[in-house]
Peer 1: 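Right, I'll just put the structure down here and ask away after.
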Protein chains: 2
Amino acid sequence: MNYKTLLVDDHAIVLDGLQSLLSEDQDFEVIAKVNSGNFALAHIRSTSLSLMITDYSMPDMNGLELVRQAKSMAPDLKIIVLSMHEDGQVVQDLLLAGIDGYVLKKYTHQELLQAVRVVKQGGQYWSPEINKILIRGISKAEEGPNLTDREIEVLKLLMQELTSKEIAGKLFISERTVETHRKNLLRKTNSSGTVGLVKYAYANKLV
Amino acid sequence: MNYKTLLVDDHAIVLDGLQSLLSEDQDFEVIAKVNSGNFALAHIRSTSLSLMITDYSMPDMNGLELVRQAKSMAPDLKIIVLSMHEDGQVVQDLLLAGIDGYVLKKYTHQELLQAVRVVKQGGQYWSPEINKILIRGISKAEEGPNLTDREIEVLKLLMQELTSKEIAGKLFISERTVETHRKNLLRKTNSSGTVGLVKYAYANKLV
DNA sequence: ATGTAAATCAGTATTTCTACTGACGGACCT
DNA sequence: AGGTCCGTCAGTAGAAATACTGATTTACAT
């Protein structure tokens, strides 16, 4: 089987590295190396490709946009994304866009080879960290309002299904004080009750 | 690196097949083939193993139970589960139990070899269908099996930070009824309060 | 037809949470 | 020395949630 492969990265050195890596496997034929998303799309439009390996961060277009346009033009094109992001939102968007592999840059060599082979066989490959994110489910990495240390402490105990009284006992403070912290948490998170606090905790990875 | 491997399956023919498959890779040393969960646990207890490849369906113990006990005895033991189940719940439980690979029986040969190599390198491997389940899990609602439609409805409204009274108004039912649903939700999710319900909703993608 | 499960509703009691007002000492910064 | 934020605590009130007891109707499957 001959696997026509397109490499996309804005650093020439990376492109060369990828090519030499792929040369270890006869099945892969690197038909082009390009350094921008638009060049990549041009190739996809004009040539029948099997696989694209692309960086996520690029000058003219981010990886997500490239993947979406590529998939809309060539739904059968396999796509492996190289990235240094372990950010849940980025990963989630890419997975939903239909990529077949996601390899963190810190691994590359051996693991990328594994990834391309898996993908060639119709499988999908994610770096270990990505699998963790998948398994755990995904939460956004957003900065929220500034909670004080004590408030965060209370919130974390709240997440363990403790009542205010139990939290007070655990922190050796009065129930009143815990209620004050809760009150401030409600205000700072613009929520109207316990549900909002838990949702905030999830959204901010305080789980 | 020498990878001490234990094979678990209640069909001798499968065990033989696995062994011959692994013989293709010098790194793996099959130190035992057993046909039941309890025999497997005995080996894990007495020997220092690196990898266990196990069937999911077995006479004395299901795969999930085996995995849990194995992991509690030997947390560093890598585990690959062979199964014909593509059922979401089964998969989810196994993943949360900490397995490193899940290969559907319909693939076995080439793919299993891929899987063991990935796992040997510290990675994780899932069959394509499993990846789909994982991805679906992050985008769509994977419902817990035991909740009724109405309970799910109430839970979803609860997640929108509505009080029981507001939910009652929205569903044109009495506050009492909403409280009954909440009570049943608490029981079914083994939680002690609102926090637990929200956490359950997140864990089951009812957000 | 009989049984099981779901969905609906009620009373009573207790606990927990939220709303409001107000306060005091300490740390830190200017 | 004065301002601001943090963490601490209090009283009073009411709203909401949880714990227990139950019940009726409908619907669906055995």
Side-chain angles (χ1 to χ4, degrees), chain A residues 142-207, chain B residues 87-90 92-93 140-207:
Chain A
E142 288 175 10
E143 291 300 321
N146 19 353
L147 305 187
T148 68
D149 292 347
R150 204 55 160 171
E151 284 161 357
I152 291 174
E153 209 169 351
V154 169
L155 181 52
K156 283 187 174 173
L157 290 172
L158 180 77
M159 287 296 288
Q160 292 168 29
E161 307 194 32
L162 304 181
T163 66
S164 292
K165 184 185 285 185
E166 290 167 330
I167 295 172
K170 204 144 221 167
L171 296 180
F172 303 107
I173 57 180
S174 106
E175 209 178 326
R176 294 293 183 189
T177 306
V178 177
E179 286 171 355
T180 302
H181 289 314
R182 280 182 85 130
K183 176 189 62 186
N184 293 330
L185 282 167
L186 288 176
R187 178 175 46 78
K188 288 184 178 177
T189 61
N190 293 316
S191 46
S192 64
T194 310
V195 175
L197 296 184
V198 180
K199 286 170 74 173
Y200 176 88
Y202 270 98
N204 292 273
K205 293 182 177 172
L206 292 169
V207 201
Chain B
D87 169 17
Q89 193 58 51
V90 170
Q92 183 172 2
D93 287 340
K140 291 179 183 174
E142 178 90 14
E143 302 170 2
N146 18 359
L147 302 189
T148 68
D149 292 348
R150 203 54 158 172
E151 285 160 357
I152 291 172
E153 208 170 352
V154 168
L155 181 53
K156 283 186 175 173
L157 290 172
L158 180 77
M159 288 296 287
Q160 290 167 29
E161 306 194 33
L162 304 181
T163 66
S164 292
K165 184 183 287 186
E166 290 166 332
I167 294 172
K170 203 144 222 167
L171 296 181
F172 303 106
I173 58 179
S174 102
E175 208 178 327
R176 295 291 182 189
T177 306
V178 177
E179 286 171 358
T180 302
H181 289 313
R182 281 182 85 129
K183 177 188 64 185
N184 292 331
L185 282 167
L186 288 177
R187 178 175 46 78
K188 288 183 178 179
T189 61
N190 294 316
S191 46
S192 63
T194 310
V195 175
L197 296 183
V198 180
K199 285 169 74 174
Y200 176 88
Y202 271 98
N204 292 274
K205 318 295 181 211
L206 290 165
V207 201

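Please read these numbers as outputs of a predicted model, since none were measured by experiment. Below, chains carry the letters A, B, ... as their sequence lines are ordered, and counting in each starts from 1. When reading the values below, keep in mind they use all heavy atoms of this one structure, side chains included, and skip hydrogens, waters and symmetry mates.
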Peer 1: Within this structure, what is the CG-to-P distance between A:Asp149 and D:dG7, rounded to whole angstrom?
Peer 2: 6 Å
Peer 1: Between atom OG1 of B:Thr194 and atom NZ of B:Lys199, what is the distance when rounded to the nearest 0.5 Å?
Peer 2: 12.5 Å
Peer 1: Looking only at heavy atoms, which two atoms of B:Leu158 and A:Val195 are closest? And how far apart?
Peer 2: O-CG1, 3.4 Å
Peer 1: Could you tell me which residues satisfy salt bridge (Lys or Arg N to Asp or Glu O under 4.0 Å) with A:Arg182, sequence neighbours excluded, listed by chain and number?
Peer 2: none
Peer 1: Expressed in angstrom and rounded to an integer, what is the separation of A:Arg150 atom CZ from C:dG25 atom C1'?
Peer 2: 16 Å
Peer 1: Let me know the distance between CG of B:Leu171 and P of C:dC9, rounded to the nearest Å.
Peer 2: 10 Å
Peer 1: Could you tell me how far apart A:Ile167 (CD1) and D:dG7 (P) are, to the nearest whole angstrom?
Peer 2: 15 Å
Peer 1: Please state whether the phosphate of C:dT8, meaning OP1 or OP2, lies under 4.0 angstrom from any side-chain nitrogen or oxygen of B:His181.
Peer 2: yes
Peer 1: Heavy-atom distance under 4.5 Å between the side chains of A:Thr180 and A:Asn184, does that happen here?
Peer 2: yes
Peer 1: As an exercise, state the distance from NZ of A:Lys188 to OH of A:Tyr200, rounded to the nearest 0.5 Å.
Peer 2: 9.0 Å
Peer 1: How would you list, by chain and number, every residue that makes a side chain to side chain contact (heavy atoms under 4.5 Å, CB included) with A:Ile152, sequence neighbours excluded?
Peer 2: A:Leu147, A:Lys156, A:Leu206
Peer 1: Indicate yes or no: at least one non-hydrogen side-chain atom of A:Arg150 is less than 4.5 angstrom from one of A:Leu171.
Peer 2: yes
Peer 1: Do any pairs count as a salt bridge (charged side-chain N to carboxylate O under 4.0 Å, His left out) and have a residue in residues 165-179 of chain B, sequence neighbours left out, and if so which ones?
Peer 2: B:Arg176-B:Glu179
Peer 1: Kindly give the atom pairs (protein nitrogen or oxygen, nucleotide nitrogen or oxygen) under 3.5 Å for nucleotides 12-18 of chain D.
Peer 2:
| residue | atom | partner | partner atom | Å |
| --- | --- | --- | --- | --- |
| D:dT12 | O4 | A:Arg176 | NH1 | 2.8 |
| D:dA16 | OP2 | B:Lys165 | NZ | 3.4 |
| D:dA17 | OP1 | B:Arg182 | NH1 | 3.2 |
| D:dA17 | OP2 | B:Ser164 | N | 3.0 |
| D:dA17 | OP2 | B:Ser164 | OG | 3.0 |
| D:dT18 | OP1 | B:Thr194 | N | 3.0 |
| D:dT18 | OP1 | B:Thr194 | OG1 | 3.3 |
| D:dT18 | OP2 | B:Arg182 | NE | 3.2 |
| D:dT18 | OP2 | B:Arg182 | NH2 | 3.4 |

Peer 1: Can you tell me the distance, in whole Å, between the CG atom of B:Asn184 and the P atom of C:dA5?
Peer 2: 13 Å
Peer 1: Please report, rounded to the nearest Å, how far the P atom of C:dA5 is from the CG atom of B:Leu147.
Peer 2: 15 Å
Peer 1: I need the CZ-P distance between A:Phe172 and D:dG7, as an integer number of Å.
Peer 2: 18 Å
Peer 1: So, using side chain to side chain donor-acceptor pair (under 3.5 Å) as the criterion, who are the partners of B:Gln160 when residues are at least two apart?
Peer 2: none
Peer 1: Within this structure, what is the CD-to-C1' distance between A:Glu161 and C:dC17, rounded to whole angstrom?
Peer 2: 16 Å
Peer 1: If the helix axis at each end comes from five base pairs, how far does the helix from C:dA1-D:dT30 to C:dT30-D:dA1 deviate from straight, to 10°?
Peer 2: 50°
Peer 1: What's the spacing between A:Asn190 CG and A:Leu185 CG if we round to 0.5 Å?
Peer 2: 12.0 Å
Peer 1: Nucleotide by nucleotide, 5' to 3', does protein get under 4.0 Å of the base (B), only the sugar-phosphate (S), or neither (-) in nucleotides 20-30 of chain D, counting heavy atoms?
Peer 2: -----------
Peer 1: Using the test side chain to side chain contact (heavy atoms under 4.5 Å, CB included), find all partners of A:Ser191 that sit at least two apart in sequence or belong to another chain.
Peer 2: A:Leu186, A:Thr189, A:Leu197, B:Glu161
Peer 1: Should B:Thr177 be listed as having a side-chain N or O under 4.0 Å from OP1 or OP2 of C:dC9?
Peer 2: yes
